[in-house]
Amino acid sequence: MSWLDKLIPSRIRTESTGKRGVPEGLWVKCDGCDAVLYREELRRNLEVCPKCGHHMRIAVRARLDAFLDPTGREELFTDISPVDMLKFRDQKKYRDRISASQKKTGEKDALVVMRGSTDGVPVIAAAFNFAFMGGSMGSVVGEKFVRAVEAAIQNRCALVVFTASGGARMQEALFSLMQMAKTSAALTRLSKKQLPFIVVLTDPTMGGVSASLAMLGDVQIAEPNALIGFAGPRVIEQTVRETLPEGFQRSEFLLEHGAIDMIVPRDELPQTVALLVANLQKKDLPRETNRAAP
Amino acid sequence: MNPNYLDFEQPIAELEAKIRELQLMDDDQGLDIDEEIERLRNKSMDLTRSIFSNLGAWQVNQLARHPQRPYLADYLERVFTDFRELHGDRAFGDDPAIIGGMARLDGLPVMVIGQQKGRDTKEKIRRNFGMPRPEGYRKAKRLMELAEKFGLPVLTFIDTPGAYPGIDAEARGQSEAIARNLYVMAELETPIIVTVIGEGGSGGALAIGVGDHVMMLQYSTYSVISPEGCASILYKSAAKAPEAAESLGITAGRLKELGLVDEVIPEPCGGAHRDVPAMASSLKASLKKAVLAQIDRPTQALLERRYERLMSYGEYTER
C-alpha cells in the first residue's frame, strides 16, 4: 500500500489490488506477437498462438492428452514419491519445497508416464512437468524414466519422452547428478531390444536433462523455438562476456548445427511420431497417414 | 597473507615464517637455536593436524582448487611409466582440457583419460582452466572405445570446474557429447576406474565418471553444481557459497557415507600439494588394487554389476 493510500480513510478506500473489469485469465497475451488471445481458444489450439504460431508452454497433462489416443490409456508408476534424504535446506527446506510443488501441481514429482497409443501406434510416453520445480530431475524422475524404459521393453513398443527441464535437482545434490548416468544406462537396454526412443525437446530443455536422456534419441525432434542447451544463456554471457546471437540455443539453431533431426509443430506430433515409430519397427503405417492424398 | 596458504591455514603460515626467520638467524650469527626450531616444527605439525582434522566442506573445496594442487600431468610421471599422449576427436579438433593416452601401470597397459587445468597463466588459457569442450569429450569417447577394442582397462581422472559454458561449445553440441559418453561408458566392455583428484564439477565431470570403482582423494570434491552456483540460485547470493557447500555434501567422506563413492584415498598432512610423491604413491597403490579387482571379471558380469550399481542410485518412496 502506498503512503497516499494510507492517508485515505479505510471506509472510502477502494481495493486497488483486486483487478476490475476483465476477469483474471479470460484473455492472455501471446509472447510471440503480443496479440490478445481468448484463453479458451488458446487452450483448444494446444497453447499455440493461432495468429503467429508461437508455441507457449503447455501443462504436462494437456500435453499427454493431446498426444495419446483417447482410448486405452493408463498412467504408470504413480506411487513413486520424493524423499528429502539429505535434509537439504537453503532459504527453504527441500521438504517444504516438495510439499508446495505437490500442492500447486497436484503431482508427486516432475515426470508423468503413460502407456497408450499415438495415432494407433502403441507407445510408452513420458513427459516432464516444468511446473514442478522447473521439471528438475531428481531420484523420482530418474527412477520413473528407468521404469518407463522397462515398460517399453515389456510391451515391445517405443518410448517417447517430452523433455521440459532446467536440469538436475540441486536439492538432491550428487544423487541428482547420478540420475544422468542412470537414465542414460537404461537406454542401452532399450537399444539392445531394437526398440525406438523418440525425444521431443520442448521449451526449455537444459543442463543435466539435456546432457543425458534428452540427447540420446534415435530420432531427435524439437518443438519450434524451444530453448535447448547445456549451459543457460545467462551463465554463457557471464563467461564469455559477449551478447549472445539472436536465436542462440533455439530449436532452429540446433537444426542448423546438426543437433536435431527435425522441428515439428505441436499439433503434428502424433502423426510424425507414429510414422517414425512404425518405420523403425517395420510395422504398417498408422491409419492417419495411410490415407490417400487428396 | 601468504598466498601459498589458504585463509584457514594462515596460523600455520605464520609459524613456518617464524621457523624460516630463525633458520636465517642461525646461519648469520652461528647461534644454537636448533632446539627452538625443532620445537616450532613440532608445533607446526600439531597445528596442521588439528586444523585439518576438522575441515568444513568449504575449506575442502578451497583445497580441491588450491593453485598448487597436483593435476593429472603431475601424477602421470609419478604413477605411470611410458605414457604416450593420443590426440584429437577425428571430427573437429584436439581439446587440451582433456589429456588422454596409453601408459603402463606397474607394467600393465592401461588407457589414461582426464581433465588437465593449467599451472601458469599461459597454460591455464591453453587448457581452458580444465573446462572441456565437446571435442574433448569426444576424444575421451574415442579413446575409451579404443581401449575396449584391445581390452585395456580405462583409468579416468576427474579435475574440472565443469564443461565449458561457451558459445562454440554449445554450437558443437556440448549436451550431446556428455550424454553420449554416459551412454557409451554404461556398456563399455572393459573395466573403468574413476578417480576424482581435484574438482568434480557436475556433468562435465560425470562425462568421464561412469565406472566400476569410483575413488576420491580425501580433499577433492564432487558436486552437481558449484557451491557458488548453488548459492546464487537458491540463496540468491554467491556469498552464501560456504553454506551451500555444506548443504550439497560435496566431500569425499560424505559421499562415501551416502554410497555414491567406493573409496576415499587419504592425502598427506596438509593436502596432496604438501607431499606430491607420497600422494602419487598411495594413488598408485589404490589404482593397482582397483584394477586387479575388476580385471578378472567376465565381461558380462562386469557390465551387469556396473548396470546394477547405476540403477541403485537415488532415494525415493513408493506409496
Side-chain angles (χ1 to χ4, degrees), chain A residues 79-83 85-86 88-92 109 138-140 142-143 146 168-189 207-208 210-216 228-232 235-236 238-240 242 244-245 248-249 253-254 257-259, chain B residues 131 162-187 200 202-207 209-210 222-225 229-231 233-236 240 243-244 247-250 255 258 260-261 306-307 310-319:
Chain A
D79 291 340
I80 305 177
S81 315
V83 290
M85 62 288 199
L86 298 173
F88 191 98
R89 74 172 304 161
D90 42 80
Q91 284 179 322
K92 275 190 209 158
D109 208 301
S139 299
V140 172
E143 180 66 20
V146 168
R169 186 170 298 170
M170 273 178 282
Q171 291 86 350
E172 292 191 22
L174 205 66
F175 282 103
S176 65
L177 188 73
M178 292 306 161
Q179 302 313 307
M180 295 169 64
K182 179 173 174 171
T183 53
S184 303
L187 288 167
T188 63
R189 299 276 161 118
S210 141
S212 61
L213 61 99
M215 286 294 159
L216 293 171
I228 303 156
F230 178 66
V235 174
I236 298 173
Q238 282 163 11
T239 309
V240 301
E242 285 176 51
L244 300 176
F248 181 66
Q249 292 184 316
F253 175 90
L254 268 79
H257 285 80
Chain B
M131 294 184 285
Y164 184 56
I167 295 176
D168 56 341
E170 292 290 324
R172 292 197 291 277
Q174 188 72 288
S175 291
E176 195 274 346
I178 295 170
R180 190 62 53 193
N181 281 16
L182 302 180
Y183 184 95
V184 166
M185 293 182 95
E187 56 174 9
S202 193
L206 185 65
V210 179
Y222 199 177
S223 182
V224 67
I225 185 168
C230 178
I233 298 171
L234 291 181
Y235 299 75
K236 315 282 176 216
K240 298 273 187 192
E243 282 168 58
S247 283
L248 287 165
I250 60 179
L255 295 170
L258 294 170
L260 295 169
V261 162
R306 191 184 301 157
Y307 189 80
L310 289 169
M311 291 307 121
S312 75
Y313 293 143
E315 298 283 332
Y316 53 87
T317 61
E318 273 189 278
R319 55 180 154 79

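As the structure is a computational prediction, the values presented were derived from the model and not from experiment. Sequence lines set the chain letters: A, B, ... in the order given, protein chains first and strands last, and positions in each chain run from 1.
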Next on the checklist: Counting heavy-atom pairs closer than 4.5 Å to chain B, which one of A:L187, A:V235, A:V146, A:V140 comes out on top?
Outcome noted: A:L187
Checklist outcome for this item: In terms of heavy-atom contacts, A:A211 and B:I178 come closest through O-CG2, 3.7 Å
Checklist outcome for this item: d(B:Y235 OH, A:K92 NZ) to nearest 0.5 Å is 13.5 Å
Item to check | Contacting region of A:A186 [heavy-atom separation from chain B under 4.5 Å] | outcome: both
Checklist entry - chain B heavy atoms under 4.5 Å from A:T239: which part of the residue, side chain, backbone, both or neither? => result side chain
Item to check | Contact origin within B:E176 toward chain A - heavy atom pairs under 4.5 Å | outcome: both
Checklist outcome for this item: Okay, B:S223 and chain A: the region with an atom under 4.5 Å from a heavy atom over there is backbone
Checklist outcome for this item: Comparing B:G203, B:G173, B:A171 against chain A, the one with the most heavy-atom pairs below 4.5 Å turns out to be B:A171
Checklist entry - Is the side chain of B:E315 donor-acceptor paired with the backbone N or O of A:V83 at a distance under 3.5 Å, no angle test? => result no
Item to check | Atom group of B:I250 that falls short of 4.5 Å from chain A, counting heavy atoms | outcome: neither
Checklist entry - Out of curiosity, B:Y316 OH to A:E143 CD, how far, rounded to the nearest 0.5 Å? => result 3.0 Å
Checklist entry - What is the minimum heavy-atom distance between A:V240 and B:P165, and which atoms define it? => result CG1-O, 4.4 Å
Checklist entry - Should B:L258 and A:L174 count as side-chain neighbours, where that means a heavy-atom distance under 4.5 Å? => result no
Checklist entry - Under 4.5 Å between any side-chain heavy atoms of B:L206 and A:M178, yes or no? => result yes
Checklist entry - So do the side chains of A:D90 and B:I233 get within less than 4.5 Å of each other, counting heavy atoms only? => result no
Checklist entry - Which heavy atom in B:V210 sits nearest to a heavy atom in A:A181, and how many Å separate them? => result CG2-CB, 3.9 Å
Checklist entry - Quick one: CG on B:L248 to CD on A:Q171, what's the gap to the nearest 0.5 Å? => result 9.0 Å
Checklist entry - Taking the side chain from B:E187 and the backbone from A:A185, do they hold a donor-acceptor pair closer than 3.5 Å? => result no
Next on the checklist: Quick check on A:A259 against chain B: is it the side chain, the backbone, both or neither that has a heavy atom closer than 4.5 Å?
Outcome noted: neither
Item to check | Top contributor to chain A contacts, counting heavy-atom pairs under 4.5 Å, from B:Y222, B:Y164, B:Y183 | outcome: B:Y183
Checklist entry - Taking every heavy-atom pair that is under 4.5 Å apart, which of A:S81, A:G229, A:A231 has the most such pairs with chain B? => result A:S81
Checklist outcome for this item: Looking only at B:L310, B:L260, B:N181, B:T317, most heavy-atom pairs under 4.5 Å shared with chain A are made by B:T317
Next on the checklist: Main chain of B:Y313, side chain of A:Q179: is a donor-acceptor contact present, judged purely on distance under 3.5 Å?
Outcome noted: yes
Checklist entry - Which pair of non-hydrogen atoms, one from B:R180 and one from A:M215, has the smallest distance, and what is that distance? => result NH2-O, 3.6 Å
Checklist entry - Do the side chain of A:S139 and the main chain of B:G314 share a donor and acceptor less than 3.5 angstrom apart? => result no
Next on the checklist: As an exercise, state the distance from CG of A:L216 to CG of B:L182, rounded to the nearest 0.5 Å.
Outcome noted: 7.5 Å
Checklist entry - Could you state the interatomic distance from CD (B:E170) to CD1 (A:I228), rounded to the nearest 0.5 Å? => result 11.0 Å
Next on the checklist: Using 0.5 Å steps for rounding, measure from the OG atom of B:S247 to the CE atom of A:M170.
Outcome noted: 11.5 Å
Next on the checklist: For a quick test of reading the model, state the closest non-hydrogen atom pair linking A:Q91 to B:L234 and the distance between them.
Outcome noted: OE1-O, 3.2 Å
Next on the checklist: Please give me the minimum heavy-atom distance between B:C230 and A:F88, naming the atom from each residue.
Outcome noted: SG-CZ, 4.3 Å
Next on the checklist: Given heavy-atom pairs under 4.5 angstrom as the criterion, report whether the side chain, backbone, both or neither of A:E242 touches chain B.
Outcome noted: side chain
Item to check | Contacting region of B:I225 [heavy-atom separation from chain A under 4.5 Å] | outcome: side chain
